[in-house]
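Only one structure is covered here, and it is reproduced in the block below.
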Amino acid sequence: MADQSIPEARTPEASPKGAVSPEAAQKEGISRRALLGTAGATGLVLGAAGGAVGYAAAPAQATPLTSLGADQVMFHGKHQPGITTALQARGHLVAFDLAAGAGRKEAAALLRRWSQTARRLMAGEPTTQDDTDVARDAGPSSLTITFGFGHSFFGRTGLQKQRPVALDPLPDFSSDQLDKARSNGDLWVQIGANDALVAFHALRAIQKDAGSAARVRWQMNGFNRSPGATAHPMTARNLMGQIDGTRNPKPADSDFDQRIFVPASGSNDPAWMANGSYAVVRRIRMLLDDWEQLSLKEQENVIGRRKSDGAPLSGGTETTEMDLEKTDAEGNLVVPINAHARITRPDQNGGAAMLRRPFSYHDGFDTDGVPDAGLLFICWQADPLRGFVTVQRKLDRGDALSQFIRHEASGLFAVPGGAAEGQYVGQKLLEG
């Protein structure tokens, strides 16, 4: 995924007599996290020698814990939050079905409640009533709440004529072993935050707001590495240990909006989808026991990249263009013909691209000790047929990674553009 920015410390704190203050620590190259960790472990900031030599090499860019809670993402805007927002440490995905008898009127009232709750929570404020106080002591913590509509939503609300063609059901794929009970849904909500309690607080608030209008169809929990856990910002790793998201489209790319967001005009999509995007959600189980039996070289050949730094097997660094024609001394392709990174390249799929923004998950072990773990795969694109479907069909025809993963749940959702001040998400659809 895209690199995560690392905010600086904001609030200086008083230091005990003889201790190094956070301000002084920054001048000396000591991260506040290292400083606090040392103080907690020893009761003193400095060792017996009284010097800072042992901490001079601490990463100056590591995120101080005090800043994690202060980071805020705006709810109102051209696009909904949680699409181009940097990866968060915690995530919840939840789908709802409208209750029997609930229709367009009830759906509009629900999206109005949800939008109001999302705006308040993303600003670090409590919900309007019956707040559980779970996140009372925390700031916004980069919380984002994103809303989408499933294919079935439009029939239940009498809005079939407004259903986008791009929302037609996904085709079947060879790696699919889908659980229908954990797939699709009328409504979809994505929650992300850099604090677990803030994320759970939002999940609970959204569920309570649903009231009698909708019931939970399925819910999944995910996680990523916390900001500041590495010495410098880097692309995320998945549970296979691979750097995942190297070739993600970037907002700075000239064609980013064209690939990821529905244009405001000149599109086959209905007008209410302007500035929106389509989210494909897949619960992909990783067969980790099988994967971990492979040697390092075998794992790298499956992916087509070095495990250590994500560089292509053809050489260079993570961002070096992959040389698909390079061969070794025996004439074999350095990047195997069925390597995952080769098959998924946009130039191998007619330019198809999608913005991957996943969470890892772990739901325990079965009776044999096999982990139920993998990826909550979420990808964004202006057209899922030209994005996800094109690439997945290519993967179906011979991806080396396919024998180590299993798609167990799936969903496709239309995510409208952001709400303007005083409006709620989906208002143009539900009141148009």
Checklist line | Value rounded to 0.5 Å, distance of CD1 in I343 from CG in N338 | finding: 6.0 Å
Checklist line | R306 with D309: basic N within carboxylate O range, under 4.0 Å | finding: yes
Next item on the list: Would you check, one step at a time, whether the test side-chain hydrogen bond (donor to acceptor under 3.5 Å, both in side chains) holds for H151 with D186?
Entry: CA-CA 7 Å; H151 184 276; D186 294 343; over 6 Å; no
Next item on the list: Examine F154 together with W272 and report whether their ring centres are nearer than 6.0 Å.
Entry: yes
Item checked: Considering all heavy atoms, the nearest G387-M354 contact -> C-SD, 4.3 Å
Check: Should E421 and R119 count as an ion pair when the cut-off is N to O under 4.0 Å?
Finding: no
Checklist line | Contact check, side chains of F404 and L294, non-hydrogen atoms, under 4.5 Å | finding: yes
Notebook entry, point to check: Is a side-chain donor or acceptor of N224 paired with a backbone partner of P358 at a separation under 3.5 angstrom?
Noted result: yes
Next item on the list: Using modelled atom types only, decide if a donor and an acceptor are shared between the side chain of W291 and the backbone of M286 within a distance under 3.5 Å.
Entry: no
Checklist line | Side-chain touch L355/I83, heavy atoms, less than 4.5 angstrom | finding: yes
Item checked: Short side-chain donor-acceptor distance under 3.5 Å, Q88 and T144 -> yes
Notebook entry, point to check: Checking side-chain hydrogen bond (donor to acceptor under 3.5 Å, both in side chains) for the pair T246/E318: CA distance, chi angles, key distance, verdict?
Noted result: CA-CA 7 Å; T246 298; E318 181 187 350; 2.8 Å; yes
Next item on the list: Flag yes if more than 12 heavy atoms outside N268 fall under 6.0 Å of its CG atom; otherwise flag no.
Entry: no
Margin query: Between Q80 and V425, does the side chain to side chain contact (heavy atoms under 4.5 Å, CB included) criterion hold? Intermediate values first, please.
Written below: CA-CA 8 Å; Q80 285 197 61; V425 173; 3.4 Å; yes
Margin query: For a quick test of reading the model, state the closest non-hydrogen atom pair linking S410 to L178 and the distance between them.
Written below: CB-CD1, 3.9 Å
Check: Does the ring centre of F147 sit less than 6.0 Å away from the ring centre of W114?
Finding: yes
Next item on the list: Looking only at non-hydrogen atoms, find the nearest pair between P81 and T146 and report the distance.
Entry: O-OG1, 2.6 Å
Notebook entry, point to check: Distance-only, no hydrogens or angles: does the R217 side chain make a donor-acceptor pair with backbone N or O of S183 under 3.5 Å?
Noted result: yes
Next item on the list: Test side-chain hydrogen bond (donor to acceptor under 3.5 Å, both in side chains) on Q207 and R215 and set out the steps.
Entry: CA-CA 8 Å; Q207 184 219 351; R215 58 177 178 80; over 6 Å; no
Check: Within a strict 4.5 Å, meaning less than it, do heavy atoms of the R345 and L324 side chains meet?
Finding: yes
Item checked: Steps toward side chain to side chain contact (heavy atoms under 4.5 Å, CB included) verdict (W380, V280) -> CA-CA 7 Å; W380 300 89; V280 174; over 6 Å; no
Check: Does the side chain of L98 come within less than 4.5 Å of S152's, by heavy atoms?
Finding: no
Notebook entry, point to check: Taking the six-membered ring for Trp, are the ring centroids of F173 and H407 within less than 6.0 Å of each other?
Noted result: no
Margin query: Return the CG to CG distance between N194 and L68, rounded to the nearest 0.5 Å.
Written below: 6.0 Å
Check: Between R283 and D363, is there a salt bridge with N-O shorter than 4.0 Å?
Finding: yes
Next item on the list: In sequence, state the C-alpha distance, the side-chain angles, and the governing distance for T128 and Q116, and then conclude on side-chain hydrogen bond (donor to acceptor under 3.5 Å, both in side chains).
Entry: CA-CA 9 Å; T128 53; Q116 182 182 41; 4.6 Å; no
Margin query: Main chain of K326, side chain of D323: is a donor-acceptor contact present, judged purely on distance under 3.5 Å?
Written below: yes
Check: In Å and rounded to the nearest 0.5 Å, what is the CG to CD1 distance from N238 to I243?
Finding: 10.0 Å
Check: Given H92, which of Q190, Q219, R204 fulfils the side chain to side chain contact (heavy atoms under 4.5 Å, CB included) condition?
Finding: Q219
Next item on the list: Please answer whether the main-chain N or O of L143 pairs with a side-chain N or O of S141 as donor and acceptor at a distance below 3.5 Å.
Entry: no
Next item on the list: Give a yes or no on whether a salt bridge exists between D209 and R112, defined as a side-chain N under 4.0 angstrom from a carboxylate O.
Entry: no
Check: For K428, does the NZ atom sit with more than 12 other heavy atoms under 6.0 Å from it, leaving out its own atoms?
Finding: no
Checklist line | Salt-bridge contact D347-R342 (side-chain N to carboxylate O under 4.0 Å) | finding: no
Notebook entry, point to check: Which pair of non-hydrogen atoms, one from P249 and one from A353, has the smallest distance, and what is that distance?
Noted result: CG-CB, 4.2 Å
Next item on the list: For Q427 and Y424, indicate whether the former's side chain and the latter's backbone hold a donor-acceptor pair under 3.5 Å.
Entry: yes
Item checked: Flag side-chain contact, heavy atom, 4.5 Å: R285 against I405 -> no
Checklist line | Exercise: identify the closest heavy-atom pair between P140 and V198 | finding: O-CG1, 3.7 Å
Notebook entry, point to check: Regarding D133 and H201, is there a side-chain donor-to-acceptor distance under 3.5 Å anywhere?
Noted result: no
Notebook entry, point to check: Hey, does the side chain of D176 reach the backbone of D172 with a donor-acceptor pair shorter than 3.5 angstrom?
Noted result: no
Margin query: Before you tell me yes or no, could you show the steps for M122 and R120 under side chain to side chain contact (heavy atoms under 4.5 Å, CB included), namely the whole-Å CA-CA distance, both residues' side-chain angles and the distance that decides it to 0.1 Å?
Written below: CA-CA 6 Å; M122 286 175 56; R120 293 181 64 88; over 6 Å; no
Checklist line | Between H340 and D399: side-chain donor-acceptor atoms closer than 3.5 Å | finding: yes
Next item on the list: Can you see which heavy atom on L121 is nearest to which on A202, and at what distance?
Entry: CD1-CA, 3.7 Å
Check: Does CZ belonging to R247 count more than 12 external heavy atoms closer than 6.0 Å?
Finding: yes
Note to self: Rounded at 0.5 Å granularity, tell me how far CZ in F153 sits from CD in Q160.
What the structure shows: 11.0 Å
Notebook entry, point to check: S277 side chain to Q381 main-chain N or O, any donor-acceptor pair under 3.5 Å?
Noted result: yes
Margin query: Is any side-chain heavy atom of F359 closer than 4.5 Å to one of N221?
Written below: no
Item checked: Contact check, side chains of R406 and S175, non-hydrogen atoms, under 4.5 Å -> no
Notebook entry, point to check: Considering only heavy atoms from C-beta outward, does the side chain of L239 approach that of L375 to under 4.5 Å?
Noted result: no
Margin query: Between K394 (side chain only) and Q348 (backbone N and O only), is there a donor and an acceptor less than 3.5 Å apart?
Written below: yes
Check: Can you say whether the rings of F413 and W218 are parallel (under 30°), tilted (30 to 60°) or perpendicular (over 60°)?
Finding: tilted
Notebook entry, point to check: Going from CE on M322 to CG on L313, what distance comes out if it is rounded to the nearest 0.5 angstrom?
Noted result: 7.0 Å
Item checked: With L430, the side chain to side chain contact (heavy atoms under 4.5 Å, CB included) member among K105, Q162, R104 -> R104
Notebook entry, point to check: Is a side-chain donor or acceptor of N349 paired with a backbone partner of A352 at a separation under 3.5 angstrom?
Noted result: no
Note to self: Could you walk me through whether W188 and L93 satisfy the side chain to side chain contact (heavy atoms under 4.5 Å, CB included) test, starting with their C-alpha distance in whole Å, then the side-chain angles of each, then the deciding distance to 0.1 Å, before giving a yes or no?
What the structure shows: CA-CA 7 Å; W188 175 68; L93 308 180; 4.0 Å; yes
Item checked: Over 12 foreign heavy atoms within 6.0 Å of CD, E292 -> yes
